[in-house]
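Notes follow once the structure below has been shown.
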Amino acid sequence: MTSEQITNTGSVSGDCGSAQARARTHVQAYVQTQARQNGSAKDGSATNGPARNDSAKGGPSGQKHGLQRCHAMLRPVSLRALLPWLTSIIGVASALCLVIAWFPSTVWNTPIVSSDAPAHYYFIHRLLDEGLGAALHLWPHDSFYPPLFHICAYLVIKIAALFGVQCSIYAAFNITWIIASGVIFPAGMLVLCRYFLRRWNRGNPISNPISRISQASSTPESSSVSESSNVSNQQVSSAVNRQYNVTFDATFVLRNLIGLFVPVLAVSSVCHPYGLLNAGPLIAFGFATSLLPFLIAATLRLFDAIAAREHIAKWLAIAAVAGVVCLVAHPRIAFTYALILVPFIVLRLPWKLILGAFIAMCVGAVAFVALMLTSFKSDRWANPDSWFHSHQPSKNLWESISFCLTDGLDGFPAILFALLLIAGTAAAFVCASRRAAARASDSFSSAASTVVPVASADVDVDASTSDIAVSAADSPVSVSCPPPASHSNATDAASASSESSRLRRNDRLRDVIALTTAFLLVALVYVCTVTLVGALPNIISAPWYRDENRIMTMLPLVALPLLVIGINALAECVSACAASASFAPSASSFSTKNSASSVPSLSSASAVSSVKNASFASNWIVLIAVFLVIAILAVSAQIVCPSRSAARDTIIAHSSLNQSDPNEQLTEQKIAVLRKVTERTGTQATIISDPLNGSMYAETLFNANMLYPIINARTDVPSAPFGKVETAFASGDAQQVLGTVCPLTDAPEYFLTMGDQAQSLQSFPYRAQYDSFHNEELIDTYVDGGTLVKVADYSQYGQGWALYRFGCAD
């Protein structure tokens, strides 16, 4: 390209916006250097006719040509800027619709009747009563519980009130869960998967026809071509390749096609979020899991910044903020975070930072052990084999391994997911290894070559439309020019050395190894939890309470990114194989035509065009195939989903009031009794009852003041009044009972009996502490002595159901 053409290109590009102005600056700098070194080239060129001068002077034809080029450049830039956002919005919106469609409608007006649900409802209720200041001591005994989910639900209620809408605690609870599960989690998984895709595809279009021409042109038939001709051929190939990447970047399209389905696949598995809503529900841990992909992505970007030695403070701050948010959601998520990040720490950080990270992990492990030893009194700490003594394996070895490989999917989608995961991982290892070897070879060659000749004017004219390349990864418009002849050998050598250092990082191979290792670590913890027994499995799974539901949530965090880069690698391999047959004849023709002269001519354009057309067709075939495979997986996972349906059915059953067992936590009879009790006592009087009979739900259903609003009113912590009241009531001493109960509040104190403890709560480890509250003989003794006075009889609802008032002076 001559200096006049470059100048004209720069001036026209500058009219397209501020981004183009930066490109023009680089072009003009090149023109000035070229003019100083090769001033005679511009004045003496035979090609500088009137038309070219008119273009250089900005005449009508030059302006028209410049405007056409401006529009041609802006169109790809707009598409590249819009497509990622469009696919992201569609993908996350689809995931949200799936979560809403799955969500049980029965829990909008009634609570989920399960072990942990009353506590979460109570935490929201306490925030409403006491304000955000209660967030640091949500437990009834005023100790800390991770409050982020409950704060969000509290804000939902307050925001709805601003618009005159009364939102119940249950509705706020459900809305917060839906937002976390249907928006935050799929969006986070999309960010995480696109991070790995960006690193995998960095500077690597899925099919590179010009590189294959270069490989073919180095055959024995073309070995007689002079060294200067080979260099010129490479420059023409580079120019055409840049134009090819602008007009059709298959990698960019594939990345967005995969990204379109990542949010859908993120919410297709029962592993998360559905399993945790059914298990307890484990709301706080599930909320932290939904936030975790953002923290992982921010940490990996921090590792990139450390490797590049730039923007470290920025990404350190972002990762720190994300980490604090996740810890406020649930501190135990740190174990999941550490387990997944360990392989990346080992493979991508300097040894000093690796040592520091492992020291921090050891300190955290010691602190966790100290916390457990001081918080939970047990005589089994020294015998790990006796930990979790009530735990029973739920799957055999093959079932647990297959569950990991299928990401918790069912039927045909599970088989397809496992096949894609295995084949994709193998393809990723092959592609990454071969590219690492090729880069090492290229790095050695580029370091050895320190002189880059400048192409002739004819070559520049032919490639003039190729020297302006649009790259969405860096800036809207970037201009690529051949290196000036004035570059010194030392500069070229330094640049080659820097490139060699960058290429030796082998990002692809490191990512594949790290992701595969993380997946294997998660699978190991899962297998230890659901299949193996003994001291070692107990120790490995102890950070997650040896709870299958908590460990299941880790699978999508590692399986989906591994699947995504695996599919990308498979597409790359298939494209290379499909196009190789078409490339060979055209590349040979290209090499033969260019062997006739030392400088390539326009006669090679047909060969380049045929190769590019062949690659274009093969890329479209690959893209369509990838799209269909992922679409089939995503759609079939919504059709064949018995595990998710079973979880939904279980939640519906838990929220139903039509229970066959009258002693279950909530029935229609108990709802009627709790309503009558609250109407009689008011909302200020204290009501004492066995929380395992369902009476604790009166707190959030009717705003009653229950002394035990959750089932886990532990007695092994120094808190009042729980331990004192339970001990006093079990003593049988009337004076001790009244001396403990009466000072609780200035309002009256009541005692409610509603039968035995619910069968669904028999696994609760502290249930025996409430046995005195449904001991009929003990209750009759207090009634006979005047300690308790019956004020309402509900025997028509259940045998022995009644409301008593403590015989206090008030």
Let me see the working for H150 and L138 under side chain to side chain contact (heavy atoms under 4.5 Å, CB included), right down to the final yes or no.
CA-CA 10 Å; H150 315 94; L138 287 179; 4.1 Å; yes

Look at the aromatic rings of F368 and F335 and report parallel, tilted or perpendicular, splitting at 30° and 60°.
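Aromatic pair F368/F335 classed perpendicular.
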
Please state whether the rings of W177 and Y274 are parallel, tilted or perpendicular, taking 30° and 60° as the class boundaries.
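Because their plane-to-plane angle lies in the 30° to 60° range, the rings of W177 and Y274 count as tilted.
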
Do [X] and [Y] have a side chain donor and acceptor closer than 3.5 Å?
X    : Y    : value
T683 : N703 : no
H272 : S181 : no
T781 : E777 : no
S689 : N693 : yes
Y170 : T700 : yes
D116 : H120 : no
Q757 : D690 : yes
R680 : Y750 : no

pair [X]-[Y]: side-chain heavy atoms closer than 4.5 Å:
X    : Y    : answer
Y122 : P140 : yes
I283 : L277 : yes
V328 : V324 : yes
L692 : F764 : yes
H391 : R546 : yes
F173 : F149 : yes
Y337 : L295 : yes
L128 : I169 : yes

Can you give me the closest heavy-atom contact between [X] and [Y], atom names plus distance?
X    : Y    : result
N538 : P384 : ND2-O, 2.8 Å
P118 : M696 : CG-CE, 3.6 Å
H137 : E130 : CE1-OE1, 4.0 Å
T531 : S400 : OG1-OG, 3.2 Å
G694 : L674 : O-CD1, 4.0 Å
H774 : G755 : CB-O, 3.9 Å

Distance (rounded to the nearest 0.5 Å) between [X] [atom1] and [Y] [atom2]:
X    : Y    : atom1 : atom2 : value
I651 : N278 : CD1   : CG    : 5.0 Å
I124 : I157 : CD1   : CD1   : 6.5 Å
W801 : D793 : CH2   : CG    : 12.0 Å
L555 : D407 : CG    : CG    : 6.0 Å
C326 : F287 : SG    : CZ    : 9.5 Å
L701 : M706 : CG    : CE    : 11.0 Å

Might you work through the side-chain hydrogen bond (donor to acceptor under 3.5 Å, both in side chains) test for T667 and Y797, ending with a clear yes or no?
CA-CA 10 Å; T667 62; Y797 296 101; over 6 Å; no

Is it the case that the side chain of [X] and the backbone of [Y] share a donor-acceptor pair, with hydrogens and angles ignored and the cut-off at 3.5 Å?
X    : Y    : answer
K676 : Y794 : no
S386 : N383 : yes
T787 : V783 : no

By the salt bridge (Lys or Arg N to Asp or Glu O under 4.0 Å) test, which pairs, at least two apart or in different chains, include something from residues 136-155?
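Residue pairs passing salt bridge (Lys or Arg N to Asp or Glu O under 4.0 Å), neighbours aside: R126-D142.
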
Tell me, please, whether F285 has R550 positioned over its six-membered ring: NZ or CZ under 6.0 Å from the ring centre and within 45 degrees of its axis?
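Yes, a cation-pi geometry holds between R550 and F285.
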
Taking everything shown except [X] itself, do over 12 heavy atoms lie less than 6.0 Å from its [atom1]?
X    : atom1 : result
Q796 : CD    : yes
E399 : CD    : yes
Q762 : CD    : yes
Q735 : CD    : no

Is a salt bridge present between K395 and E548, judged by a nitrogen-to-oxygen distance below 4.0 Å?
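Result for this pair is yes, salt bridge flagged.
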
Go through it in stages, so that I can follow the logic: the residues are E749 and T686, the test is side-chain hydrogen bond (donor to acceptor under 3.5 Å, both in side chains), and I'd like the CA-CA distance, side-chain angles, deciding distance and then a yes or no.
CA-CA 5 Å; E749 289 83 13; T686 302; 5.0 Å; no

May I have the step-by-step check of ring pair (Phe, Tyr, Trp, His ring centres under 6.0 Å) for Y545 and W387, ending in yes or no?
CA-CA 10 Å; Y545 287 127; W387 298 356; over 10 Å; no

For L536 and C528, run side chain to side chain contact (heavy atoms under 4.5 Å, CB included): C-alpha distance rounded to whole Å, both residues' side-chain angles, the deciding distance at 0.1 Å, then the answer.
CA-CA 8 Å; L536 184 59; C528 287; over 6 Å; no

Run M554 and Y526 through side chain to side chain contact (heavy atoms under 4.5 Å, CB included) and show every step you take.
CA-CA 9 Å; M554 295 190 286; Y526 183 81; over 6 Å; no

Matching residue for F729 among Y770, Y708, F751 - test: ring-ring contact (aromatic ring centres under 6.0 Å, His included)
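That would be F751.
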
Working for side-chain hydrogen bond (donor to acceptor under 3.5 Å, both in side chains), residues W544 and T336
CA-CA 9 Å; W544 296 273; T336 301; 3.0 Å; yes

Walk me through it: do I711 and S115 pass the test side chain to side chain contact (heavy atoms under 4.5 Å, CB included)?
CA-CA 7 Å; I711 67 172; S115 56; 4.1 Å; yes

For the pair S655 and T110, evaluate side-chain hydrogen bond (donor to acceptor under 3.5 Å, both in side chains) and give the outcome as yes or no after the intermediate values.
CA-CA 6 Å; S655 59; T110 58; 4.8 Å; no

